[in-house]
Asker: 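Below you'll find the structure I mean.
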There are 2 protein chains.
Amino acid sequence: MNIGEAATQAGLPAKTIRYYEDIGLVKPGRDANGYRAFIASDIHKLTFLARARALGFSIEDCRDLLALWEDTGRASADVRQIAEEHLARIESKIADLGTMRDTLRVLVRDCAGDDRPDCPILQTLGNPS
Amino acid sequence: MNIGEAATQAGLPAKTIRYYEDIGLVKPGRDANGYRAFIASDIHKLTFLARARALGFSIEDCRDLLALWEDTGRASADVRQIAEEHLARIESKIADLGTMRDTLRVLVRDCAGDDRPDCPILQTLGNPS
DNA sequence: CATAGGCCTTCCCGTCACTGGAAGGTCAAG
DNA sequence: CTTGACCTTCCAGTGACGGGAAGGCCTATG
């Protein structure tokens with residue numbers, strides 16, 4: 001299977017797949033003409049990667065998860081730890097963004113948004129004492 | 001005022017201030033020895049930038065906000081639009097992260113996290129049909 | 001006066017996970 | 001035989017800095 005169909009199957013851009021090969025996440029074979037030749041297990045890996053990335057895992061997390069996935073003797077604790085740390089980072093980011101959102105909502109609400117120059121948004125940014 | 005104290009006053013790393021000068025957000029003068037010389041208005045701008053960045057505005061948003069801030073004849077509608085668009089992006093990102101968090105929570109909850117290899121996290125990533 | 005060390009300067013590379021684009025090879029259809 | 005859709009590699013850019021090297025400047029102390 002060429003990279004185009006692999007991309008379709010895995011739901012990833014071809015560029016991304018080439019990048020994943022560059023950094024050693026997948027190692028497809030090659031046809032005589034130099035084209036990458038993806039087999040079922042490559043597609044399976046790419047699909048795994050696409051899903052892990054969609055859950056926000058970093059590339060390095062993905063590399064570790066992939067290794068654990070392929071190691072049938074792994075301990076689930078190792079997987080769980082990666083997921084828990086990632087979950088904590090996500091929750092922390094959500095909290096940060098929630099704070100920003102609350103502040104912005106107040107500012108937007110209080111801004112007339114008309115032709116006049118008075119603007120609590122700029123006022124707050126410039127002098128929030 | 002040298003960059004070190006400017007950094008302290010504005011609550012920004014010196015490196016960041018140099019970067020802001022590079023991209024034209026601030027234009028401090030120079031002393032005879034080549035050192036940057038920050039005056040009160042520079043500090044005020046940097047403080048403005050630090051706050052806008054803390055609210056998650058992009059550098060380009062900050063550039064626009066700064067221009068509006070300095071234009072005393074601006075229309076508050078222009079400011080409000082930038083803030084509203086940013087707010088929408090934040091809310092969208094919060095929603096995305098919330099979805100990730102929910103999925104991850106379920107996966108982590110269902111994973112024993114012990115020495116055994118069974119792991120619903122890897123199972124889901126590999127075969128979430 | 002020399003020196004130590006704490007500022008400051010510029011410059012360049014690295015981050016993260018791609019994305020865009022150029023220049024060129026390959027393949028199937030008409 | 002040409003067209004156009006694929007494929008290849010390589011290089012550069014993204015956003016918003018951070019690290020670190022190489023070197024100049026300033027102040028305080030011996």
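Heavy atoms only: backbone and side chains are in, while hydrogens, waters and symmetry mates are out.
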Asker: Mind grabbing the angle between the end helix axes of the helix from dC1(C)-dG30(D) to dG30(C)-dC1(D)? Five pairs an end, 10° rounding.
Answerer: 30°

Asker: Say whether, by atom type as modelled, one donor and one acceptor occur between the side chain of Arg36(B) and the main chain of Pro28(B) under 3.5 angstrom.
Answerer: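 Judged by distance alone, no pair lies under 3.5 Å.
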
Asker: Closer than 4.0 Å, any side-chain N/O of Arg30(A) to the OP1 or OP2 of dT9(D)?
Answerer: yes

Asker: Should the pair Arg18(B)-Glu21(B) be classified as a salt bridge under the 4.0 Å nitrogen-to-oxygen rule?
Answerer: no

Asker: Going by side chain to side chain donor-acceptor pair (under 3.5 Å), name the residues that satisfy it together with Arg116(B), two or more places apart in sequence or in a different chain.
Answerer: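 With sequence neighbours excluded, Arg116(B) shows a side chain to side chain donor-acceptor pair (under 3.5 Å) to Asp114(B), given in chain and number order.
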
Asker: Quick check: do Ile59(A) and Tyr20(A) have side-chain heavy atoms less than 4.5 Å from each other?
Answerer: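 Contact flag for Ile59(A)/Tyr20(A) side chains = yes.
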
Asker: Below 4.0 Å from chain A heavy atoms, what is the first contacting nucleotide of DNA chain C and what is the last?
Answerer: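 So the outermost contacting nucleotides come out as dA17(C) to dC27(C).
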
Asker: How many angstroms lie between atom CG of Leu65(B) and atom CZ of Arg51(B), to the nearest 0.5 angstrom?
Answerer: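 Those atoms lie 13.5 Å apart.
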
Asker: When the side chains of residues 40-50 of chain B are checked against the rest of the protein, which donor-acceptor pairs come out under 3.5 Å, sequence neighbours left out?
Answerer:
{"unit_1": "Asp42(B)", "atom_1": "OD2", "unit_2": "Ile39(B)", "atom_2": "N", "d": "3.1"}
{"unit_1": "His44(B)", "atom_1": "NE2", "unit_2": "Gly126(A)", "atom_2": "O", "d": "2.9"}
{"unit_1": "Thr47(B)", "atom_1": "OG1", "unit_2": "Ile43(B)", "atom_2": "O", "d": "2.6"}

Asker: Flag the pair Leu125(B) / Leu55(A) as yes when at least one side-chain heavy-atom distance between them is below 4.5 Å, and no otherwise.
Answerer: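 Touching, per the 4.5 Å side-chain cut-off.
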
Asker: Please say yes or no: joined through hydrophobic side-chain contacts below 4.5 Å, possibly via intermediate residues, are Val106(A) and Ile121(A) part of one cluster?
Answerer: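 Different clusters: Val106(A) never reaches Ile121(A) through Ile, Leu, Val, Met, Phe, Trp or Tyr contacts under 4.5 Å.
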
Asker: Who pairs with Glu85(A) by side-chain contact (heavy atoms from CB on, under 4.5 Å), at least two apart in sequence or on another chain?
Answerer: Gln81(A), Arg89(A)

Asker: What is the distance, rounded to the nearest whole Å, between atom CD1 of Ile17(A) and atom P of dT9(D)?
Answerer: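 Distance, rounded to whole Å: 13 Å.
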
Asker: Nucleotide by nucleotide, 5' to 3', does protein get under 4.0 Å of the base (B), only the sugar-phosphate (S), or neither (-) in nucleotides 17-27 of chain D, counting heavy atoms?
Answerer: BSBB---BBS-

Asker: So, is Arg36(A) near the phosphate of dC7(D), with a side-chain N or O under 4.0 Å from OP1 or OP2?
Answerer: no

Asker: Categorize Ile3(A) for me: base, sugar-phosphate, or nothing, with a 4.0 angstrom heavy-atom threshold over every strand shown.
Answerer: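 Answer is sugar-phosphate: Ile3(A) comes under 4.0 Å of backbone atoms only.
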
Asker: Between Arg105(B) and Glu91(A), is any pair of side-chain heavy atoms under 4.5 Å apart?
Answerer: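 SC-SC contact between Arg105(B) and Glu91(A) confirmed.
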
